[in-house]
Amino acid sequence: MLTVPYITNYLTEHFADDAFGTIEGYERYGGYAGYRQALDTPAEDLIELVKASGLQGRGGAGFSTGMKWSFMPRETDQPKFLVCNADESEPGSFKDRILMERGPHQVIEGILIAALATGSDKTFLYVRGEYAHPADRMEQAVREARERGYLGPNALGKRRSHEIVVTRGAGAYICGEETGLLESLEGKKGQPRKKPPFPAQYGAFGMPTTVNNVETFSHVPHILKHGAEWFRGFGTEKSPGTTIFGVSGQVRRPGLYELPLGTRLDEIVFEHAGGPAEGRKVKGVIPGGMSMPVLPASLLDVPMANEFLRERKTMLGTGGIMVMDDTTCMVRASCVISYFFRDESCGQCTQCREGTGWMHKILERIERGAGEREDLDVLLDVAAKMEGQTICAFADAAAWPIQGMLRHFREEFEEHVRQQKCPFPASFEL
Amino acid sequence: MPRITVDGRIIEVPEGRTILQALDDVGLLMNGVDVPHYCWHPKLSIDGSCRLCQVEVEGMPKLQIACNTPVQDGMAVRTDTERVRKAREGVMELLLVNHPLDCPICDQAGECKLQDYAFEYGVLESRTREPRRALKKNVDLGPTIVFDQERCILCRRCVRFCDEVPRTGELRVFGRGDRSVIDVDPDRPLANDYSMNVADICPVGALTTKDFRFKIRVWFLRDVPGVCTGCAKGCNVYVGVANNKAYRYVPRRNDEVNATWLCDGGRLSYRRIGAERLREPLVRVDGGAAQPTPYAEALEAAAGRLRQLVDAGAGERLVVLASPHATNEDLLALRRFCDALGVTSAGAAVVRGESDDLLIQAEKAPNAEGARLLGFGEPGPVLERIRAGQAAGALILGHDVLHDSRLGGPEALASLDAVVVLDSHQSALQRVAHVTIPVRHAAEKQGTFTNHARRVQRVLPAVEPAWEAWSDGEVLAQLGAALGLAGFDASWDVVAASKALEQVQPAFSGVHLQSVGDEGLALDAEAIRGAAS
């Protein structure tokens, strides 16, 4: 049973029914029909279909899924791999968890279709270590699928096998970055790889590999069943389909809301999630997981799709919406955010290793009442030096939220410096 | 071959290389085209993490790291733009956020890439008010290396070196983010035959060798190109010299020989330049002890001893042992000395020991192959003649023969009428030699060595002995003249001798002191004639 407030659409339609999580129940609701259809479809056509649907990766970067699949080499003697990225470690995101707990076969069906499209031999499903229950659910579903022959020696047609291996992470944010994940999967320290080579050439264990997010895979069976046009009936022209917005923070109904992309942020926050508590006002909203820049209350009238969010200097990310009301100290929030990124930086690249630590130290000093005017410009300058200059996007993810905070709440930082203390009652320890 | 443009200069580069590798291949890196870098090293895998080598590549919106961006025909690279300058400045500022800036007491000062690049590419004022990382100082990583964690900039060259070159993997990065530190596992020290290379490749003062640290400020050192004499590999070195004293060897890059590496044993062999040296000629009257004797008198004593043999037909009765530590030129003089006397029994004893598949060769001398090519081969027959009592005299260069068990110890020579030794170091031979004449070490003279792969490399005088000593070739020239041998007139011209090598061994045609340059030349294997086994 679902225990959080939610709104359903095609992904989550049957999530209230426990049976949907079992293979019998899933088949009863028409599950694996997309897979059966894909068995008789040439791989090129599958890729074209997904390209035509306009499906974008739901792991944060929003890259075209069909395009990504097309990067896998066609003719190769090497085994090819898929990776299902279930490391969901972005603070504010909890959609993949529900997709695995309530719809594990939907994930598996999506994986099988992707395997047919890319000619992959094996899938590694990498689940974040803290997700013990989702990992158990996926393991159970993989066993069921194998018993039915969906996985195993003839999974992709006669004598074309496919297996799914469920592996568990050990609790590092960076293992959600696709090449950090690959390193971790291979048993090494989770550190993103330099590119080139890209995973499609040199991925898991050195083999051609495509990495997709849990939600991305979950959309695929529906595209097979209903077609690209149907899929484009949801969302915006540039961002088709639905997504599951995970709303958390200072709202009345934090929960999971599957809505078409392009749904307005203020609609999600105030109507679906019920807005702030009695007597409080929304101050700022992080629209897509903690690494995305915050939007102030005045800028929430924005459709939740990258083409609109970019105009407001933020992005959809993972769709994890975090709401902060007027009791929140934005300096303290920035401090917490920067602590997270300081803690989680893998430490390879100079800018990220040194920049995350430096930013956190400055923010903590400001919050403790020892800030100086120049600190704000130094913060922005350090953020600029981190942005776009490192092996992976982690440094950007650490820089953007602080840039966003200073863009929209600079006067609050200045007030801290002026008063040489935090003007808010301490709501939590630093 | 792809052509690329770097700052408007068109260069042709090998296929399949990255921008930084290509610049290194054509010799332009930091030598015409400045692309500062820390984590990249020409002989290690690409890491791509220091982010200092960012350049502009036409058609790419973001700056690219030169170390990992493959070259493509027609690519246009700029290393000198404002964006590049800003990016370098940014990296330098961030690297210095946690650096202790203890240059006045840091042994790396003067050859520190952090110091150099901070001056060249950084900003000279610090904006950080935050406390710097307090980490372990003076960490004993093993028998050879001391580590300062605070100075480390985490380029991880040392980690990759241990993984990839000796493949011993002692060093690792522990922790993550700005808590990352390099260290060894408990009870597994940094101890391999190449451990001291980590100090060379460390761009900062984090890793220093116990041997060299705090001995002298590096700006007082003069680097003289030389060749390590520890084994037959002939690794290229710089001899660090000040006040006429050698303070260290550091590897000198030669991609054909030692890449950028040097084994620890070879590196420390610079100590032999100053240790246990033979400083004065010794003359021993029969039955007595060896007495220090002025050079001219000793030379005359040697000539006198040998003259007795010459008069009685030296060719049959004199045996000669060449030293694999002598230069080709010295050995040419010895060859001519033998030929003039009609000596038929000559060889070279070579000390053998451990070897590996990296640099270390079994033959523990720099010129064993050169000796063979000049006719001084396996010493067995020479030693057999001595033991059989068929020799009346011996002319011996060096003392490697003492390590050959077939000699049976120095006493085996005691019954000979004439034992003349030319040596740079003290040894037990001096107890039995009638005359011992000091000669120069390889770091004190000019000459060439032929390494195990028949590459001829030159040594140059790095220090001057503080006592009277000449090269073996020069002593032999004087000795030959004293004996009145044909073609010997007491003068010695090492360059002429080098050019004359081809008269004895045709493979030396065109290969001599003045042609081999700093990196040496390989002999033509086809041209080799009459080499001893």
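Heavy atoms only: backbone and side chains are in, while hydrogens, waters and symmetry mates are out. A quick note: this is a predicted structure, and the numbers were derived from the prediction, not measured. Labels below follow one simple rule: chain letters A, B, ... track the order of the sequence lines, proteins then strands, and each chain is numbered from 1.
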Any non-hydrogen side-chain atom of [X] less than 4.5 Å from a side-chain atom of [Y]?
| X | Y | value |
| --- | --- | --- |
| A:Gln389 | B:Ile65 | no |
| A:Ile391 | B:Arg51 | yes |
| A:Pro196 | B:Asn68 | yes |
| B:Arg127 | A:Asp375 | no |
| A:Ile362 | B:Glu130 | yes |

Within a 6.0 Å radius of atom [atom1] on [X], are there more than 12 heavy atoms belonging to other residues, nucleotides or ligands?
| X | atom1 | value |
| --- | --- | --- |
| B:Arg85 | CZ | yes |
| A:Gln420 | CD | yes |
| B:Lys137 | NZ | yes |
| B:Tyr121 | OH | yes |
| B:Glu58 | CD | no |

Mark yes or no for whether [X], through its side chain, and [Y], through its backbone, hold a donor-acceptor pair below 3.5 Å.
| X | Y | answer |
| --- | --- | --- |
| A:Lys194 | B:Ile46 | yes |
| B:Arg176 | A:Asp343 | yes |
| A:Lys361 | B:Pro131 | yes |
| A:Thr350 | B:Cys50 | yes |
| A:Arg342 | B:Asp178 | no |

Using a cut-off of under 4.5 Å on heavy-atom pairs, state which of [options] scores highest against chain B.
| options | result |
| --- | --- |
| A:Gly388, A:Gly357, A:Cys352, A:Cys349 | A:Cys349 |
| A:Glu374, A:Gln191, A:Arg193, A:Glu372 | A:Glu372 |
| A:Ala172, A:Gly347, A:Gly190 | A:Gly347 |

(message) side chain to side chain contact (heavy atoms under 4.5 Å, CB included), that's the test. Do A:Arg353 and B:Val97 meet it? Break it down for me.
(response) CA-CA 11 Å; A:Arg353 179 182 68 242; B:Val97 163; over 6 Å; no

(message) If we define contacts as heavy-atom pairs under 4.5 Å, which of B:Arg133, B:Arg129, B:Glu89, B:Arg156 has the most with chain A?
(response) B:Arg129

Could you tell me which portion of [X] (side chain, backbone, both or neither) has an atom closer than 4.5 angstrom to a non-hydrogen atom of chain B?
| X | answer |
| --- | --- |
| A:Lys195 | backbone |
| A:Glu344 | both |
| A:Ala384 | neither |

(message) Given heavy-atom pairs under 4.5 angstrom as the criterion, report whether the side chain, backbone, both or neither of B:Thr128 touches chain A.
(response) both

(message) Quick check for you: to the nearest 0.5 Å, what is the distance between B:Leu94 atom CG and A:Lys385 atom NZ?
(response) 6.5 Å

(request) Tell me, with the steps shown, if B:Glu93 and A:Asp381 meet side chain to side chain contact (heavy atoms under 4.5 Å, CB included). (result) CA-CA 11 Å; B:Glu93 180 176 35; A:Asp381 192 51; 4.2 Å; yes

